[in-house]
Each structure stands twice: as C-alpha cells, then as structure tokens.
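Working notes for the structure below.
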Amino acid sequence: MYEQVSHSLLNQILDELKPEISKRNLLRFYTRLGANFYAIHSLFTHLYGGRDDFLQQMVKLVEVLAMRYIERSDELEMLDIERESNHNWFLDQKWVGMALYAEGFAGDLKGVRNKCGYLSELGINMLHIMPMLKCPAGASDGGYAISDFRDIDERYGDLNDLSELSANLRKRDMLLTLDVVVNHTSDQHDWALRAKQGEQKYQDYYYCFPDRDIPDMFEETLPEVFPETSPGNFIWDEQSQRWFMSVFNAYQWDLNYSNPAVFIEMIDIILFWANRGADVIRLDAVAFLWKKIGTTSQNEREAHLILQLMKDCCQVTAPGVVFIAEAIVTPTEIIKYFGEDAVIAKECEIAYNATFMALLWDSVATKNTKLLTQGIKNLPNKLNGATWLNYIRCHDDIGLGFDDRDIVASGYQPRSHRKFLLDYFTGSYDDSIARGVPFGRNLKTGDGRISGSLASLVGLESALQINDPKMVDDAIKMIILLHSMILSFGGIALLYYGDEIGTLNDDSYLQDENKASDTRWIHRPRIDWERAEQRHHHGTVEHRIFSALQKLIGVRKTIPAFADFNNRELVEVDNEHLFAFIRNHPEHQKEEVLVVANFDASPQHLNLSVLRRRGQLPSMQLRDLVSGVSPAIFKDDLVIPPYSFYWLSDQHTSAIM
Ligand code: GLC
C-alpha cells in the first residue's frame with residue numbers, strides 16, 4: 001500500500017544505509033522492501049513508536065534485512081523466487097515430516113545425513129531437527145535453553161555438517177525445519193552474563209527488577225509452566241542483585257520485546273538460520289512473547305504484532321521460508337497465530353494442532369469420539385493459505401487443553417474427566433494398559449499432563465510384557481489408526497522419531513540427575529538401529545508398524561483432496577465410537593474422500609443412507625484407497641472393524657489414480 005509517511009521514512013532510511021549496502025545493486029531486495037514497508041513501518045510504530053531512537057532502530061532493522069539478503073546464496077534465492085510464484089507450496093499433501101533429536105536418532109548431524117535414506121524409505125520429506133545449539137550442560141531443557149544462537153553444540157557437529165545435511169536434503173526434495181527459540185535465552189548466554197555484570201544495555205534485554213514490587217504484581221496472574229521443577233516466574237541473581245523473569249525453567253530468562261534491540265537481534269538470528277538452509281522455522285513458545293501485568297502474559301495482542309513483524313521482515317529477505325507457531329493454547333487462541341486480520345496468513349503459515357492431538361488421545365482412552373467430534377466441530381476455521389501441523393506425539397508432554405464447554409457438551413464434568421484421562425494414561429487403574437507417567441503436576445490447581453511414548457501409551461509395552469498377541473495387535477492397530485488421522489485431517493503430518501517402529505518408553509533418563517526430574521525424557525529415545533532393521537522382517541512389530549505407515553504415507557501423497565485448502569467437512573454420525581469427515585477436492589468433486597475411524601474394540605457400523613440423505617455422500621461405489629478393496633457393507637451399513645479406519649473414495653475415480 002502507498003502511504004506518504006511510510007514512503008518518506010523509507011527514503012530517509014535508504015539515505016542512511018551504510019555504504020556496503022547502498023553501493024550494491026539489490027533490486028529484488030528493494031522491491032520486496034517497498035512492498036512490505038508499509039506493514040513493517042506500521043507494526044514497528046505500534047510496538048516502538050514512542051521511542052526517541054525510533055528512526056535509528058528502523059535503520060538498524062533495514063540494515064539487518066539487507067545484510068542477510070546479501071549473504072543469502074543464489075540457490076536459496078532461486079527457491080525464494082520459485083516459492084513466491086507458487087506461494088501455496090506448503091499446503092500440498094505431499095509433505096510428511098518427522099521431528100527428531102540428532103543425538104537420539106543417529107548420534108550427530110553426520111549420522112542424520114547417513115540416515116536420510118531411512119527417512120526417504122518411510123516417505124518423510126520434511127525433517128525437523130530439534131534444537132542442537134550450544135546450551136549449558138545440565139541446564140538445557142532439551143536444547144531450549146540456548147547460550148549461543150549461532151553455534152552448534154560440538155557433540156552434534158558444526159555448521160559445515162549442517163550445510164552438508166541441508167544440501168543433501170535439498171537434493172532429495174526434503175525440507176529442513178529448525179527451531180528458533182525466540183522467547184528466552186539461557187542464563188549463560190552472553191547477553192545474560194553481561195546483564196548479570198550490570199551492563200544496562202543487556203539488562204534491558206530481559207525483564208529485570210531490583211526488588212519484588214513488579215515481580216509480585218506479575219505473580220498474581222502468571223500461571224506456572226513447570227510447577228514441579230520450577231515454581232514461580234522470577235529468579236534472584238546475586239551478582240546483579242536483580243530479579244529476572246524466568247517463566248519456564250529458572251535458567252531460561254525471558255527476553256523483553258518491548259525493547260526493539262531484542263526484536264532486531266532475533267530477526268537477525270531467524271535470517272541467519274534461513275540462510276543456512278532452513279525452509280521452515282519453528283518459532284518456540286510464541287504465546288509468551290509479550291508480558292503484561294494483570295494478565296497471564298500469554299496470547300497478548302503485541303505477541304501477534306511481533307510475529308507479524310517477523311513475518312513481514314522475513315518476506316523481504318527470505319520469502320521462501322515459512323514459520324511454524326509453537327503455541328500450545330486453546331483453539332480460539334491458536335487460530336490467531338495464522339494472522340487474524342489478514343485474508344491470507346500474515347503471521348505463521350503453520351501452527352501445531354495441539355487441539356486435535358489431545359482430542360485423539362481422549363478417544364484412545366474413552367474409546368468413543370464424543371469429545372473428539374465436539375472439539376473438531378468447534379475448532380474455528382483457519383485462514384486460507386495457512387495449515388496445521390498434525391501430530392500424535394512430540395518431544396513434549398500431552399496437555400489436556402480441551403475447551404471446558406466441549407467437555408460438558410460431551411456429557412462429562414471437566415475436572416473429573418481430566419483426572420480420568422491422567423489416571424488412565426499413567427496406569428493408575430488396575431486394568432489400564434497405558435504406561436505413561438505424569439508431567440507438570442500442579443498440586444495447587446490439580447492440573448497435570450502426560451509423558452510417554454506413543455507405543456507405551458497405547459498399550460504396546462504392557463502387551464509385550466505379558467506376551468499377549470491380541471493386545472499387541474490392538475496396540476499396533478491403534479498406532480496405525482492414529483497416524484491415519486494425522487495423515488488425512490488436512491495439514492502437514494508430523495511423525496515423531498521412533499514411533500514408526502513402536503519405540504517404547506525409555507527410563508534411562510532417571511540415571512541422569514539433570515534429567516531425572518523431567519519425565520519428558522522418557523519419550524526422547526535413542527534409536528536402536530538393530531531393532532529398526534527388524535522392519536525388513538515380516539511379522540515383527542517393527543515391520544508391521546513401519547510398513548503400514550510407509551503405505552499410508554505413500555497413499556496420502558496421491559490423494560489431491562488431502563491437500564489443505566480448508567476442504568474438510570465434519571460428518572456427524574449417530575455412532576459415538578466413530579469419527580468421520582469428508583475431504584473434498586476444491587476442483588474435482590468426484591475425488592472426494594470419506595475418512596472414517598473406529599476407536600472402539602468392537603466393530604461399528606455407519607449408516608450410509610443417512611449421509612446420502614444429508615447430501616454428504618455422493619452415490620459412491622466405495623473403495624478403500626489404502627487397501628484397494630471395497631469394505632463390507634450390509635444393507636447400506638458400512639462396517640468398520642475394531643481400531644480401524646477407511647479412506648473411502650468412489651471406486652471408479654480411485655481406479656484411475
Ligand atoms: C517449547 C518446547 C519445550 C520447552 C519450552 C521452553 O514449548 O517445545 O520443550 O520446554 O518451549 O523452551
């Protein structure tokens with residue numbers, strides 16, 4: 001948009017740029033800067049407009065964008081151009097990701113490179129390498145307490161190893177996802193060390209106070225993220241005689257985004273990783289970016305403005321890069337991270353679908369889909385040009401963040417239902433087959449979350465222990481059923497390393513005093529490659545899971561209706577064990593797919609004539625796209641076996657596929 005104030009400011013900034021920038025011919029950069037400048041200027045004014053050094057800060061910001069642009073390789077710039085003209089590229093059904101720790105998966109980055117073949121074999125083409133930057137030993141929060149934002153921990157390799165890995169991925173048409181931990185640093189980061197030494201410049205990077213007055217006011221409304229291991233939200237630093245805000249662990253200090261210098265540092269870091277080949281950047285803990293007394297300091301409007309500004313800046317320098325919002329918040333809040341006011345995504349293009357994840361786990365425990373259907377019915381529509389990251393497990397715990405109204409509408413009482421789920425998954429009932437462990441129990445509020453690997457949570461661990469083939473069967477079916485959901489729902493499916501071979505809980509973390517109090521380590525495994533070899537041997541657990549997922553992923557990629565164009569219609573069925581939806585193809589009505597899943601231990605039936613009457617099902621000759629066969633139908637009742645699913649399409653259309 002043309003606006004005179006912005007335009008004259010832009011001219012002024014261009015006049016002040018340092019010679020190493022102004023002397024170069026950066027045509028593309030200036031075109032993009034011009035296109036995005038009105039938005040950048042407006043957002044920067046909202047956030048920092050009152051400051052005397054506003055102009056200097058804006059010049060600094062533009063210089064950072066230009067310097068990182070100059071540094072961007074020709075190859076990455078070609079990708080930018082390609083993706084600018086195909087800007088919905090990440091909505092395609094072809095993308096299937098896996099999140100992994102380099103160390104746990106293959107020792108280090110070189111090891112990961114050597115295992116790219118394994119990932120391709122499964123059909124993975126988006127790799128999320130969990131944080132691998134320098135963190136203090138023993139106070140790392142699994143890589144999320146960073147002491148140097150530009151250097152890889154030598155245990156995992158170095159920048160060259162990452163370059164080689166990213167080049168290798170690009171050759172395979174695989175995307176690289178990296179984290180940028182935007183909300184906090186380790187208390188051992190250089191900025192923190194200098195703040196401790198009393199340098200004002202760096203104390204201004206954090207929320208830091210000489211006495212308890214402000215911290216106490218904050219504490220009145222700030223919840224605790226890690227109540228067991230890190231109660232409270234401020235930590236006293238002896239050296240500087242200051243209280244520092246530390247919402248997560250005491251050694252993770254929150255950055256103060258009301259200081260533009262912090263924003264500029266962070267965009268510089270984001271672009272640094274974009275230039276090292278990241279196609280996708282996972283912005284960690286974005287709900288927490290803005291702190292305000294009297295609030296929970298989560299999901300504040302300014303947090304959204306910061307993200308919009310990050311996106312606009314990134315679009316100037318590296319427009320091919322997309323953002324994932326890691327915000328594990330309620331459905332009504334999560335939707336805002338796509339960029340509420342815009343027609344197309346203007347904040348993060350991708351967001352974790354923690355709602356769907358938690359709802360799926362509810363169905364695993366209850367064997368019905370009352371809350372799942374209710375929750376998805378109320379999941380607000382997202383913008384076009386934005387997509388979900390659908391997952392079952394990740395490196396974090398499972399939080400039971402359902403909307404209380406949905407719990408009530410499903411016929412439960414919120415507090416007791418959450419307690420039931422917690423008890424069920426942590427094996428508190430004698431007959432519970434789940435082997436999870438509690439995480440983040442808050443004795444004050446009664447809240448709690450769940451840790452545990454997928455296989456252990458669905459009962460594979462207990463089944464193998466008592467050597468019960470039927471239980472093993474059921475657990476494997478459940479693993480496949482859950483994956484069938486994240487692969488068909490709409491969005492990028494993100495698998496978690498180890499789940500593809502049924503990796504069980506690993507309690508070796510209990511031997512490490514730095515990990516023992518954080519149960520999330522139980523599901524951050526070291527892959528046993530001998531076990532993984534079993535995937536080639538028919539009948540083994542590893543083969544059954546791996547080959548089924550391989551098949552599902554392969555089939556997903558051939559189904560155009562599985563691309564995410566907000567083309568999902570929930571089907572409300574009168575059988576509480578079934579979850580069903582239709583994925584319609586935006587252009588070819590004939591290619592729509594009916595997805596139906598049975599979470600119960602007995603076969604269930606779905607009355608097709610009801611769907612037809614509602615116009616939700618064309619006169620299909622149904623055929624399952626995964627197995628290629630027509631399912632059992634008795635007098636218009638489709639029968640779905642226990643813990644199973646169908647991806648159903650018109651027989652004639654699917655025959656062509
Ligand atoms: C994110 C990470 C989690 C970490 C937290 C604090 O939620 O996923 O593992 O503990 O941020 O950095």
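Values below: every heavy atom of this structure, side chains too, minus hydrogens, waters and symmetry copies. Both counts, for ligands and for their atoms, begin at 1 and track the order of listing.
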So which protein heavy atom does atom 7 (O) of ligand 1 come closest to, and at what separation?
->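 Sorting protein heavy atoms by distance from atom 7 (O) of ligand 1 puts E326 OE2, 3.0 Å first.
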Given that the side chain starts at C-beta and the backbone is N, CA, C, O, which of these parts of F226 lies under 4.0 Å from ligand 1, counting heavy atoms, or is it both or neither?
->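 Side chain only.
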Side chain, backbone, both or neither: which part of M130 comes within less than 4.0 Å of ligand 1 when only heavy atoms are counted?
->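 Neither; nothing of M130 gets under 4.0 Å from ligand 1.
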Between [Y] and [X], is there a side-chain heavy-atom distance shorter than 4.5 Å?
X	Y	value
C314	L271	yes
M132	L162	yes
Q197	Y202	no
D141	Q252	yes

Show me which atoms of ligand 1 lie under 4.0 Å from any heavy atom of [X].
X	value
D141	4 (C), 5 (C), 6 (C), 10 (O), 12 (O)
H184	6 (C), 12 (O)
H395	2 (C), 3 (C), 8 (O), 9 (O)
Q252	6 (C), 12 (O)
F248	5 (C), 6 (C)

Answer yes if the ring centres of H395 and Y144 are under 6.0 angstrom apart, and no otherwise.
->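 For H395 and Y144, the ring centres are under 6.0 Å apart.
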The one among D396, D397, N183 that brings a heavy atom closest to atom 3 (C) of ligand 1 =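 That would be D396.
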Identify whether NZ of Lys or CZ of Arg in R212 sits under 6.0 Å from the centre of the six-membered ring of W243 and within 45° of that ring's axis.
->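 The answer is yes; both the distance and angle limits are met.
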Would you check whether D284 reaches within less than 4.0 Å of ligand 1, judged by its heavy atoms?
->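 So D284 counts as touching ligand 1.
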Any salt bridge between E300 and K291, counting N to O under 4.0 Å?
->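 Answer for the salt bridge query: no.
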